[in-house]
Each structure stands twice: as structure tokens, then as C-alpha cells.
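Below is one structure; the comments refer to it alone.
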2 protein chains.
Amino acid sequence: MRQASLTDVAELAGVSHMTVSRVINGTGPVRPETRARVQAAIQELDYRPNSAARTLATGKSETLGVVALDSTLYGPASMLYGIEHAAREAGYAITISSVSRPQRQSISDAVEVLRRQAVEGILVIAPHVAAGRALEFTPRDVPLVAVGAAESAPVPVVTVDQHDGARRATEHLLALGHRTVWHIAGPEDWLEARAREQSWRETLEAHGIEAPTVLRGDWSPRSGYEAGRALIAGGDVTAVFVANDQMALGMLRAFTEAGVTVPHDVHVVGFDDVPEAAYFSPPLTTVRQDFIEVGRQAFELLLLRLRDEAEGVRRLITPELVVRESTGPR
Amino acid sequence: MRQASLTDVAELAGVSHMTVSRVINGTGPVRPETRARVQAAIQELDYRPNSAARTLATGKSETLGVVALDSTLYGPASMLYGIEHAAREAGYAITISSVSRPQRQSISDAVEVLRRQAVEGILVIAPHVAAGRALEFTPRDVPLVAVGAAESAPVPVVTVDQHDGARRATEHLLALGHRTVWHIAGPEDWLEARAREQSWRETLEAHGIEAPTVLRGDWSPRSGYEAGRALIAGGDVTAVFVANDQMALGMLRAFTEAGVTVPHDVHVVGFDDVPEAAYFSPPLTTVRQDFIEVGRQAFELLLLRLRDEAEGVRRLITPELVVRESTGPR
DNA sequence: GTGCACAGTGTTAGCGATAACAACGACTCG
DNA sequence: CGAGTCGTTGTTATCGCTAACACTGTGCAC
């Protein structure tokens with residue numbers, strides 16, 4: 001048998017369908033005994049409101065869309081969960097549409113897919129250059145909030161303060177007495193990677209130090225490993241700021257294999273503070289980003305945006321330097 | 001101005017709304033020049049079909065629900081992406097409802113939330129004992145597929161063969177000449193943890209070895225670290241099979257701190273093959289689970305289930321032992 | 001030339017809910 | 001005691017779409 005509808009319930013309870021609707025939504029007055037009869041009928045028929053019909057009638061879907069990254073990178077995945085959690089608590093459903101590769105077109109497509117789903121607003125987790133560009137071309141009539149680092153985007157945005165984090169990491173190393181600090185950057189098309197690199201460079205320059213050549217990885221441990229080998233080959237490295245923890249792990253591995261000891265020979269700082277970082281060999285000094293909080297605030301900001309109160313808002317979340325043995329005493 | 005509707009498009013193109021519907025869905029014949037006029041009108045009005053209305057009219061939502069775990073554990077997160085990817089390719093949208101703690105009630109609630117969203121089918125990623133129980137009480141009229149390890153559930157299920165994986169891990173260690181193999185298990189309420197533990201025990205018994213006392217963690221590196229310290233305190237340990245890679249990392253750390261060398265003093269095997277595992281110190285021998293494939297097959301299975309062709313189906317995916325230095329020559 | 005198939009299009013009736021207003025009785029108030 | 005108020009319920013229209021069927025006209029077979 002098919003799903004029961006409002007009318008079925010109304011018939012069984014001997015009332016009009018509107019009365020049932022009132023009972024369900026708590027709108028308008030209903031006599032207690034009528035309410036009881038209706039509720040009994042609902043129980044008996046295992047009635048469940050049809051959200052498509054409700055959406056059609058009200059124009060509200062109580063659903064938000066999230067454009068996520070098709071990856072299991074710790075950051076993006078955590079932000080997704082932060083968003084989902086906050087949204088669910090507020091009674092919103094979440095529809096996701098992920099993109100495999102962060103290209104302008106794919107992000108626009110994902111947004112388009114979500115718009116057809118009649119979502120009320122969209123959160124874009126896409127800390128790429130391409131994402132920023134895609135957002136520029138997004139119609140202004142969709143309530144949209146960027147999560148991550150799309151700084152230049154013409155939409156409200158929530159992001160961790162990458163500059164601050166990278167500055168702290170670099171200054172921490174400088175304070176330990178190093179003459180310079182090397183940097184392993186993330187992929188060039190990630191805004192976060194760019195921001196960290198830029199801030200690292202500026203911090204060095206502020207101390208009158210010329211930044212050494214940047215090595216670039218792709219966030220993966222493997223690329224960190226390779227960068228580590230390259231550094232060893234170059235010689236004369238005593239301090240490295242790596243753009244994420246995974247690459248830092250790869251680098252630690254490369255150092256270990258080559259007999260370079262951390263923290264004795266080299267100091268290393270990562271970025272993210274993944275749950276594993278405290279158990280690397282040695283435990284990694286890193287910059288903690290509270291992704292869950294980012295997700296939560298992004299959701300909040302989207303709610304504001306839905307009420308048109310988020311014009312030009314940009315929320316910065318301050319990261320935190322967590323000092324561990326990888327920059328410990330030698 | 002509000003979103004354009006079929007009728008608006010029809011008016012602009014000078015046809016009936018049905019003709020527009022036919023153009024959009026490719027149903028029924030339409031003269032090429034009419035089609036062109038309609039398409040022009042669609043373009044001009046930036047028309048976008050209203051999915052709520054379509055769902056209401058057809059009874060099909062082209063949407064699937066996923067009950068996910070509110071965690072960034074590598075496995076569950078990867079499976080989610082596998083599912084999402086497969087579904088999107090097939091034109092299905094995905095609505096997620098995550099549960100923070102895997103209790104029977106919360107899982108039932110999540111399923112209920114999704115049912116109201118008019119999803120056509122539901123995938124439950126919830127490899128817990130509680131999930132299995134929750135699924136028993138789920139009405140049989142919702143097409144539902146379990147992803148993970150809910151073996152006893154009365155629904156079709158896709159899972160990695162945990163028994164096989166744990167057996168391979170244990171036998172690998174035994175083949176290296178160890179007299180026995182210790183085990184750090186996962187949380188007792190996870191079916192996967194149970195399966196790995198049970199299979200480890202059976203494998204030892206099959207070799208006439210009595211299983212040593214099990215230590216139990218919570219999947220976190222910290223718990224692995226503590227288990228490692230406990231093992232060291234107990235002494236006389238030469239081979240450990242750890243139920244996941246994160247705990248194995250913690251254990252490696254505990255060993256390093258205590259001056260116990262892997263692989264020289266102790267051999268360690270993990271489970272999962274997270275991207276980092278190859279860069280642990282030492283690189284970790286582990287059992288690789290292809291989570292993306294699990295997600296893909298789960299989606300496929302749900303499609304079968306939607307056509308009532310999945311009765312009692314259970315798909316097992318065989319994991320693979322990846323040998324690295326943590327069980328290398330001493 | 002009559003009939004029939006079929007391409008092409010329109011008309012009408014839902015899908016299951018909410019919105020807006022109407023209807024009715026009981027009660028209060030002046 | 002008539003009018004207005006309010007609590008309670010019902011009626012009707014509507015959201016945007018598709019399903020089902022009705023209606024044209026054309027081309028072809030016989």
C-alpha cells in the first residue's frame with residue numbers, strides 16, 4: 001500500500017485535511033480531543049508528511065546544499081561534518097554535491113545541481129583559486145557562503161586565518177634561533193597554500209631574511225617525502241615549515257631514512273593538527289585549525305545571509321600553534 | 001523576480017506548458033523549430049525545473065539518503081565519498097544525515113529523517129552493533145542497504161571481508177616465526193572490531209596457539225599509544241596485530257619512546273592502509289580496504305534493491321595485505 | 001477517396017501539502 | 001438582546017510539474 005496522505009488521515013479521523021495539517025504543524029487552534037483523534041489516526045496509518053508537497057506549497061525546502069571536495073583530506077572532510085552537524089541541529093537537511101577536481105566549471109556545475117534541488121542556500125567548501133573564480137560568476141540571487149579561503153570571492157566567507165597561522169609557525173622557528181626557514185608549500189591552485197607561502201615569505205622579510213627557494217608538494221605524504229629528500233640533497237637546512245601535516249609526515253620519514261634527526265638536526269612545523277600529529281616520530285609542532293568551528297560558523301553565516309544580513313561579512317578564525325617535540329630542545 | 005516556471009516559459013515561447021515539459025524531458029515528439037523556440041525561452045528566463053514539483057508529480061525524487069558517521073575516521077569518510085561519487089554519476093542526489101553516536105535510537109532517527117525527505121532509498125554506513133540492531137527494527141518497505149559490517153542485518157549489505165583481512169595479518173606474522181601474536185582491538189561495539197578480533201583468535205587457535213589477552217582501544221592514536229605502553233610493561237611481546245592504522249601509529253610512538261625498535265624487536269601490522277601508513281616510522285605493514293569500491297558497490301546494490309533484485313544479497317570485498325618495513329627483516 | 005497511423009500539440013486532472021478566507025457556534029459586552 | 005470576538009473547523013485555490021487522453025493535420029495504403 002502506498003504512503004498515507006493528509007487526506008487519508010483526515011478521513012480516518014473524521015475531520016478535514018486542514019485540521020490534520022494544523023495538528024502537524026501546530027498552526028491554529030485545535031480542540032484537544034480532536035487533536036487526539038488526529039494523532040491516533042497518524043499513528044495508525046504511520047503517516048509521514050511529504051516534504052516535496054510541503055516544499056511546493058510553501059516555497060521552503062529546509063534544505064541546504066554543500067559543495068564539497070571529493071577527497072578524504074582531513075580539513076575538507078572535517079568542515080563538512082561541522083556544517084552537517086550544525087545544520088541538523090537547526091532542522092535543516094543537507095544535500096551534498098562533490099567535485100572531484102576543483103575547476104571553475106565543475107564548481108559551477110555543482111552549484112547548479114544544488115539549485116535544482118531547491119536548496120535554500122549553498123555552502124561551498126572549495127579553498128581553491130578556481131573556486132574563487134567560479135564564485136564570481138555565480139548568480140547573486142542564490143544565498144551562498146564560501147567556506148575555506150576564497151578571500152576574493154564576492155560572497156560572505158568563513159575561513160581560518162592562514163596568514164596568522166603561517167606567521168606564527170615561521171616566527172616560532174625564527175625564535176628558536178634559525179638563520180632562515182625553508183618552506184614546503186601546497187598546490188599552487190589552493191588559496192590556503194598560497195596564503196601560507198606568502199605569509200611565510202613576508203615574515204622572513206620582516207626579519208630581514210631573504211626567503212629560500214620554495215619546494216612544492218600536493219598535500220600528500222609522498223610529496224612531502226620527496227621534498228624532504230630534495231632538502232637533504234641541498235644540505236644546510238635547519239628549519240622547515242611544511243604546509244600541512246601529511247607532507248610533514250612524509251618529510252619526517254625522508255629525514256629518518258637519511259639519518260637526519262628531528263629535532264636534533266632540523267626543526268619541523270606542520271599545519272592542521274590532524275589527530276595523528278601528536279604521535280608522529282617525533283610528535284609534530286603544528287598549527288591547529290578548528291575545522292568543526294569553521295563549519296559551524298559557516299552555517300550560521302548562511303542563516304544570516306538568508307535574512308540578507310551578511311553583506312560583505314568575512315569571519316576569520318584564529319588558529320593556534322601547538323608546540324611539540326619536532327621543534328623541541330636538541 | 002521569482003523563479004520562472006514552466007508556464008512562464010510556455011507563454012514566452014507561445015506553446016503550451018506540456019510542450020515545454022516534453023522538450024525538457026525528451027518525452028514525446030516535438031518539431032525541431034518548436035524545440036528551438038522553447039529552448040530559447042528557457043535560456044532567456046534562466047528557467048530551472050522545480051524538483052519538488054517534479055517529485056510530487058512523479059513520485060520519484062532521484063535522491064538517495066546516506067546515514068553517515070559524524071566522524072572523520074578515514075574509513076567512514078571514504079565510503080561516503082565513494083557513494084556520493086557513484087550516485088552523482090548516475091544522476092542521483094545525496095542527502096546525508098549523520099549520527100554522532102552510534103546508538104540504536106539515533107540511527108533509527110536518522111533513517112526517519114531521511115524518509116521524510118522522500119528519498120528513494122537509504123544507505124547506512126554504520127558498522128556498529130547498534131546499527132545492526134537498529135536495522136532490524138527498520139520497516140521493510142524502505143529500500144535500504146547497509147555499508148560496513150552489519151552482517152546480521154536483515155538487509156542487503158556490502159562489506160570488506162574483515163575475517164579474511166585479520167586472518168592474513170595474523171598469518172603473516174606467524175609466518176615470520178613468532179610464537180604468538182598480540183592484538184589491539186577496536187571498540188567492542190564496532191562489528192569490524194569484533195570481526196577482526198574473532199578472526200585473529202581463530203587463526204591463532206588454528207595454529208594451536210592460545211590467544212593472549214586482548215587490549216582494547218577506541219581507534220584513536222592515543223589509545224594505541226596507551227596500549228603500546230601496556231604491552232611494553234608486560235614484556236615479552238614480539239608481534240602485534242593492531243585493529244587500525246591510527247592506533248598502530250600510537251603504538252609505534254610508544255615503542256619508540258621506550259626504546260623498543262620496530263621491526264627489530266617487535267613486528268607490527270595495522271589495518272586500513274590510510275594514505276599516511278607508508279610514511280610511518282617505520283612504514284606500516286597493513287591490510288588495505290578499498291573503501292571507495294565499497295561505496296560504489298553499495299550504491300549499485302541499492303539500485304538493485306530498488307528493483308527488488310537484492311533479496312539477501314551480501315557482497316564481500318576482499319582486502320589486501322600490504323607488506324612494509326614494520327614486519328621487515330630485523 | 002476513405003480510413004488509419006502517427007507526428008505534433010493542447011487540455012484537464014491530479015500529486016500532497018499550505019494559504020486564505022469563510023462559516024458556525026458560544027461567549028462576552030454594552 | 002443584538003453585535004462583535006474568538007475558538008474551531010471546513011472550503012477552495014494554488015504551488016509547478018507530469019500523466020493521460022483528446023485533438024488536429026498529414027501521408028500512405030487500399
Side-chain angles (χ1 to χ4, degrees), chain A residues 1-42 45-63 91 93 115-120 141, chain B residues 1-42 45-63 91 93 113 115-120:
Chain A
M1 205 199 75
R2 81 174 202 299
Q3 261 293 336
S5 76
L6 260 197
T7 317
D8 300 329
V9 175
E11 237 166 75
L12 181 60
V15 297
S16 81
H17 71 275
M18 267 319 291
T19 301
V20 180
S21 172
R22 289 187 184 106
V23 169
I24 291 167
N25 299 303
T27 57
V30 177
R31 206 143 29 111
E33 68 190 65
T34 314
R35 179 189 310 279
R37 265 215 324 285
V38 169
Q39 258 150 0
I42 289 177
L45 295 178
D46 188 27
Y47 169 74
R48 221 178 307 277
N50 178 319
S51 66
R54 177 177 283 167
T55 297
L56 184 57
T58 60
K60 303 209 163 303
S61 64
E62 305 274 85
T63 297
R115 291 189 71 182
R116 288 181 198 227
Q117 297 290 316
V119 298
E120 290 183 26
D141 57 338
Chain B
M1 203 201 73
R2 79 172 204 303
Q3 261 293 335
S5 75
L6 260 197
T7 318
D8 300 329
V9 174
E11 240 165 71
L12 181 60
V15 296
S16 81
H17 71 274
M18 266 321 290
T19 301
V20 179
S21 172
R22 287 187 185 108
V23 169
I24 291 167
N25 299 302
T27 56
V30 177
R31 205 141 28 108
E33 69 189 65
T34 313
R35 177 187 314 277
R37 264 214 326 284
V38 169
Q39 257 149 3
I42 289 178
L45 295 178
D46 189 26
Y47 168 75
R48 220 177 308 278
N50 178 318
S51 67
R54 178 178 282 167
T55 297
L56 185 57
T58 60
K60 305 210 161 301
S61 63
E62 305 273 87
T63 296
V113 165
R115 291 190 69 182
R116 289 182 197 224
Q117 297 290 317
V119 298
E120 292 182 26

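Just so you know, these numbers come straight off a predicted model, no measurement behind them. Chain letters run A, B, ... following the sequence lines, proteins first and then strands; every chain starts at 1.
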Can you tell me the distance, in whole Å, between the [atom1] atom of [X] and the [atom2] atom of [N]?
X        : N      : atom1 : atom2 : value
B:Gln117 : C:dG16 : CD    : C1'   : 16 Å
B:Asn25  : D:dC17 : CG    : P     : 10 Å
B:Ile42  : D:dC17 : CD1   : P     : 10 Å
A:His17  : D:dT11 : NE2   : P     : 9 Å
A:Met18  : D:dT14 : CE    : P     : 16 Å
A:Glu11  : C:dA17 : CD    : C1'   : 16 Å
B:Arg48  : D:dC17 : CZ    : C1'   : 16 Å

What is the minimum heavy-atom distance between [X] and [Y], and which atoms define it?
X        : Y       : value
B:Ala52  : A:Leu56 : CB-N, 4.2 Å
B:Val20  : B:Val15 : CG2-CG2, 3.9 Å
A:Arg115 : B:Gln3  : NH2-NE2, 3.9 Å
A:His17  : A:Leu6  : O-CD1, 3.9 Å

Identify every side-chain donor-acceptor pair in residues 32-39 of chain A under 3.5 Å, counting partners at least two apart or on other chains, and give the distances.
unit_1, atom_1, unit_2, atom_2, d
A:Arg37, NE, A:Ala13, O, 3.0
A:Arg37, NH2, A:Ala13, O, 3.4

### Message
Heavy atoms within less than 4.0 Å of DNA chain C: which residues of residues 49-61 of chain B have one? Give them sorted by number.
### Response
B:Leu56, B:Ala57

### Query
Can you tell me how far OG of B:Ser21 sits from CZ of B:Arg54, rounded to the nearest 0.5 angstrom?
7.5 Å

### Task
Mind checking the CD-OG1 spacing from B:Gln117 to A:Thr55? Nearest 0.5 Å is all I need.
8.0 Å

### Task
Tell me, with the steps shown, if A:Ile24 and A:Ile42 meet side chain to side chain contact (heavy atoms under 4.5 Å, CB included).
CA-CA 9 Å; A:Ile24 291 167; A:Ile42 289 177; 4.0 Å; yes

For nucleotides 5-9 of chain C, print each protein N/O atom paired with a nucleotide N/O atom at under 3.5 Å, atom names and distance only.
unit_1, atom_1, unit_2, atom_2, d
C:dT9, OP1, B:Arg31, NH2, 3.1
C:dT9, OP1, B:Thr34, OG1, 2.6
C:dT9, OP2, B:Arg31, N, 2.8
C:dT9, OP2, B:Thr34, OG1, 3.4

### Query
Which of these passes side chain to side chain contact (heavy atoms under 4.5 Å, CB included) with B:Thr27: B:Asn25, B:Val30, B:Val23?
B:Asn25

### Side-chain (A:Ser51) to main-chain (B:Arg116) donor-acceptor, under 3.5 angstrom
yes

### Task
Output yes when a side-chain donor or acceptor of A:Thr63 lies under 3.5 Å from a complementary backbone atom of A:Ser61, and no otherwise.
yes

### Task
Can you sort out the partners of B:Arg48 under side chain to side chain donor-acceptor pair (under 3.5 Å), two or more places apart, ordered by chain and number?
A:Glu112, B:Asp46

Output one line per pair: protein atom, nucleotide atom from nucleotides 24-26 of chain C, and distance, for all N/O pairs under 3.5 Å.
none

### Message
For the helix from C:dG1-D:dC30 to C:dG30-D:dC1, what angle separates the axis at the start from the axis at the finish, each from five pairs, in steps of 10°?
### Response
50°

